[in-house]
Number of protein chains: 2
Amino acid sequence: MPMELDKFDRGILAILQRDARRSAELIGTAIGLSASAVQRRIARLREEGVIAAEVAIVDSRAIGRPLTLIVDVEVERERSELLVSLKQWIAAEPAIQEAWYVTGEGDYVLIVTARDVDGYDALMRKLIAENANVRRFQTRVALGTLKRGQLVPVEPTSE
Amino acid sequence: MPMELDKFDRGILAILQRDARRSAELIGTAIGLSASAVQRRIARLREEGVIAAEVAIVDSRAIGRPLTLIVDVEVERERSELLVSLKQWIAAEPAIQEAWYVTGEGDYVLIVTARDVDGYDALMRKLIAENANVRRFQTRVALGTLKRGQLVPVEPTSE
DNA sequence: TATGAAATATTCCACCG
DNA sequence: CGGTGGAATATTTCATA
């Protein structure tokens, strides 16, 4: 169920999605509201779950994980009990940053971060070894990152 | 150039990647450091760019964008001048949350958020219409999101 | 029901030892 | 590094529309 968001909420979200540290007073002057009104709305957006989290974005290159890989995984759909443990495996593996179950024949798409090719190889060998229902996978290496984030458009104009 | 990070830095990053609002005092008790030391380290990590940003994560379903699509785009590599404008187009389009240039024949992978199928169709028609070098694209719909984020593993691999 | 302003409580930040 | 005090910020309270 889509939440009721007026233009003030949208303005707040637009700012906080780019900079969660911006003070309520600055946000207020930007959108035309008092600091306390902004503060109240932020608290409400958190409670309602519209703001799901506030997190630090770490530069993966800066800490020695310059590789990003996009992996298409094909899974045997028949064995549903193995699917549960595969999902848990994915959830528990920190090198897998994102994972979707997508349209196709038991297909998953993974976004993986790695230190180097060897690190990635080791990860995928472990994936295969510990999940019998993984049929095959195809890897694409990110040669360049044009854009990264989970910034959601909040303007009603954008489609 | 990988940054020098000791176990305290790693502990700080592990926490802040999940909750950027955690106070320095709480972080300090968690990792065994004083609040002021934690403050100093956070400031340094921000300056060095290890912490690239601190952002609010908005629940896209809560604001009426329940659809996520993974799009493989094939581009004519020959016309490099068109590539520049395509990149700018992608950068300027808020519905495209993530975009990588990947191994293959002029292939890009996009993560797109949409209100519904019609909204997505309209976006891709616009992409085609305004970028003559886009040869074709293939869409996969995210039927389920197992994991989402840019959480980078910071656990020591060698220390 | 939501606002703005004022009062209170936290948290941060720049020093000091 | 840890600790302290002043500044900035967030949170609560309250009167008002």
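Naming convention: chains lettered A, B, ... in sequence-line order (proteins, then strands); numbering from 1 in each chain. Computed from a predicted structure; not experimentally measured.
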Let me know the distance between [atom1] of [X] and [atom2] of [N], rounded to the nearest Å.
X	N	atom1	atom2	value
A/Asp6	C/dT1	CG	P	16 Å
B/Ile42	C/dA14	CD1	P	13 Å
B/Gln39	D/dT4	CD	P	16 Å
B/Leu16	C/dC12	CG	C1'	14 Å
A/Asp19	D/dT9	CG	P	12 Å
B/Glu25	C/dC12	CD	C1'	12 Å
B/Leu45	C/dC13	CG	C1'	16 Å
B/Arg44	C/dA14	CZ	P	16 Å

- [ ] Give the C-alpha distance, both sets of side-chain angles, the deciding distance and a yes or no for side-chain hydrogen bond (donor to acceptor under 3.5 Å, both in side chains) between B/Gln39 and B/Arg44.
- [x] CA-CA 9 Å; B/Gln39 284 281 0; B/Arg44 201 198 67 222; over 6 Å; no
- [ ] On DNA chain C, check which nucleotide each of A/Ala37 and B/Arg21 is closest to and give me the residue with the more 5' one.
- [x] A/Ala37
- [ ] Of all the heavy-atom pairs spanning A/Arg115 and A/Pro66, show the shortest one and how long it is.
- [x] O-CD, 3.4 Å
Task: Closest approach of A/Lys87 to A/Tyr108 (non-hydrogen atoms, all atoms of both residues) - done: CE-OH, 3.8 Å
- [ ] Evaluate the criterion side-chain hydrogen bond (donor to acceptor under 3.5 Å, both in side chains) for residue pair A/Thr139 and A/Tyr120; output intermediate values, then yes/no.
- [x] CA-CA 10 Å; A/Thr139 302; A/Tyr120 173 69; 2.5 Å; yes
Task: Residue A/Ser23, side-chain atoms from C-beta onward, closest of C/dG4, D/dT9, D/dG2 - done: D/dT9
TODO: Would you please confirm or rule out a distance under 4.0 Å between OP1 or OP2 of C/dC13 and any side-chain N or O of B/Arg40?
DONE: no
Open item on the list: Can you see if the side chain of A/Arg41 gets near the phosphate of C/dT3 - specifically, an N or O under 4.0 Å from OP1 or OP2?
Closed with: yes
Open item on the list: Is there a continuous path of hydrophobic side-chain contacts, each under 4.5 Å between heavy atoms, that joins B/Val58 to A/Val38?
Closed with: yes
Open item on the list: Any N or O donor-acceptor pair under 3.5 Å from the base of D/dG3 to the side chain of B/Ser36?
Closed with: yes
Open item on the list: Does B/Ala24 reach a base, just sugar-phosphate, or nothing at all? Heavy atoms under 4.0 Å.
Closed with: sugar-phosphate
